[in-house]
Amino acid sequence: AAGMAVLVFDYRHFGASGGEPRELLDVKRQLADWRAAVAYARGLDGIDPDGLALWGTSFGGGHVVTLAADDPRVAAVVAQVPFADGFGNLLRLGKVHALRLTREALRDAWRALVRRPPHYIDAVGPPGSSAVMNTPDAEPGFRALTPPGLDWPNRTAARIALKVCVYRPIKRAGDVRCPILFAIADGDAITPPDYALESARRAPRSEVRHYPGGHFDVYVDPLFERVVGDQLEFLGEHLFGRKSAGRDDVHPRVAPRSEAKGTRGGMSARPA
């Protein structure tokens, strides 16, 4: 509706994509899947290969920063409630939760070493649980994204806890040369807004939009339409050179889809 071609994909191990074991979150594999999707999109008929924008949310919001830092052909980026600093996030978890996740992760890593099925933990859960995300808003917020009648697997292989703390997209933000929009939820307890703001400060051509509420509020009404409008305006300006695309005249409604850990990725492109 806004004049862009859009490609949305599931990472391997998740959703409609293949890959065993299921619900395995692996940073290197997800970045490789992103690069494959970008190459595929650039090769499509009718697509301007230099008019590609990357859109990522939560963990995927960190991926698009990393990818744009490595790919100078990317035309624009939207990083929504982005995961910016794994080490910083670890410090915010608190010692008890961090130690609990480390214990579960070591158990899973051992099972992988001896070629046994993964040891899973909940992706989201109530405060005090061993879930990866256990802030007060995590479980109700994530469930709000699930369409009625859809049963999604609330689990992830625990080994990710050993790797996520060394994944720091914030370190690459200064290498992103294209325009990048940071959509930040000021009450976000899952991906702290101060790390996203520091990423924006480092990126030479960054723009920032602030929103009230927590990590999951940007996905649902009433905030959803405002967030979409801001992002369409940004993409319209930097892909087409227009200042008001999507603000007043276009508000395409996109049904949210659930995926463990909220690592959704996608991209928009300027038709050739």
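Judged by distance alone, with hydrogens and angles left aside, the side-chain atoms of R115 form no donor-acceptor pair with the main-chain N or O of A112 at under 3.5 Å. For the pair R22 (side chain) and G15 (backbone), a donor-acceptor distance under 3.5 Å is present. For the pair D50 (side chain) and R73 (backbone), a donor-acceptor distance under 3.5 Å is absent. A side-chain donor-acceptor contact under 3.5 Å links N154 to the backbone of V124. Judged purely by atom type and a 3.5 angstrom limit, R202 has no side-chain atom pairing as donor or acceptor with the backbone of G174. The closest donor-acceptor contact from the side chain of T135 to the backbone of I190 lies at 3.5 Å or more, if one exists at all. The backbone N or O of H119 lies less than 3.5 Å from a partner atom in the side chain of D108, making a donor-acceptor pair. Formation of a donor-acceptor pair under 3.5 Å by the D33 side chain with backbone atoms of R12 is found in this model. H13 contributes a side-chain N or O that, together with a main-chain N or O of P21, makes up a donor-acceptor pair within less than 3.5 Å. Looking at R168, its side chain never comes within 3.5 Å of a backbone N or O of G86 through a donor-acceptor pair.
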Test side chain to side chain contact (heavy atoms under 4.5 Å, CB included) applied to Y11 and L25, step by step: CA-CA 9 Å; Y11 300 114; L25 199 165; over 6 Å; no
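Residues forming a side-chain hydrogen bond (donor to acceptor under 3.5 Å, both in side chains) with D217 (at least two apart in sequence, or on another chain): none.
The two atoms that bring F14 and L24 nearest to each other are CE1-O, 3.4 Å, heavy atoms only. Of all the heavy atoms in V220 and A144, the pair that sits closest is CG1-O, 4.3 Å. When all heavy atoms are compared, the tightest approach of A138 to M133 is CB-O, 3.7 Å. When every heavy atom of T66 is checked against every heavy atom of R172, the shortest pair comes out as O-NH1, 4.4 Å. Shown here for R205 and C178, the closest heavy-atom pair between the two residues is CB-O, 3.8 Å.
Taking 4.5 Å as the limit, every side-chain heavy atom of F216 sits out of range of all side-chain heavy atoms of V81. Y219 has its side chain out of reach of V227: every pair of non-hydrogen atoms, C-beta onward, lies at least 4.5 Å apart.
There is a path of hydrophobic side-chain contacts, each under 4.5 Å, that joins F142 to V132.
The residue from W55, Y211, F182 that alone fulfils the side-chain contact (heavy atoms from CB on, under 4.5 Å) condition with Q80 is W55.
Rounding to the nearest 0.5 angstrom, the gap separating the OG atom in S199 from the CD1 atom in I170 is 4.0 Å. To the nearest 0.5 Å, atom OG1 of residue T102 and atom CG of residue L90 are 7.0 Å apart. Taking CG from D85 and CD from E198, the interatomic distance works out to 9.5 Å, rounded to the nearest 0.5 Å.
Taking the six-membered ring for Trp and the full ring otherwise, H63 and Y167 have centroids separated by under 6.0 Å.
Taking a cutoff of 4.0 Å between a charged side-chain nitrogen and a carboxylate oxygen, K163 and D26 qualify as a salt bridge.
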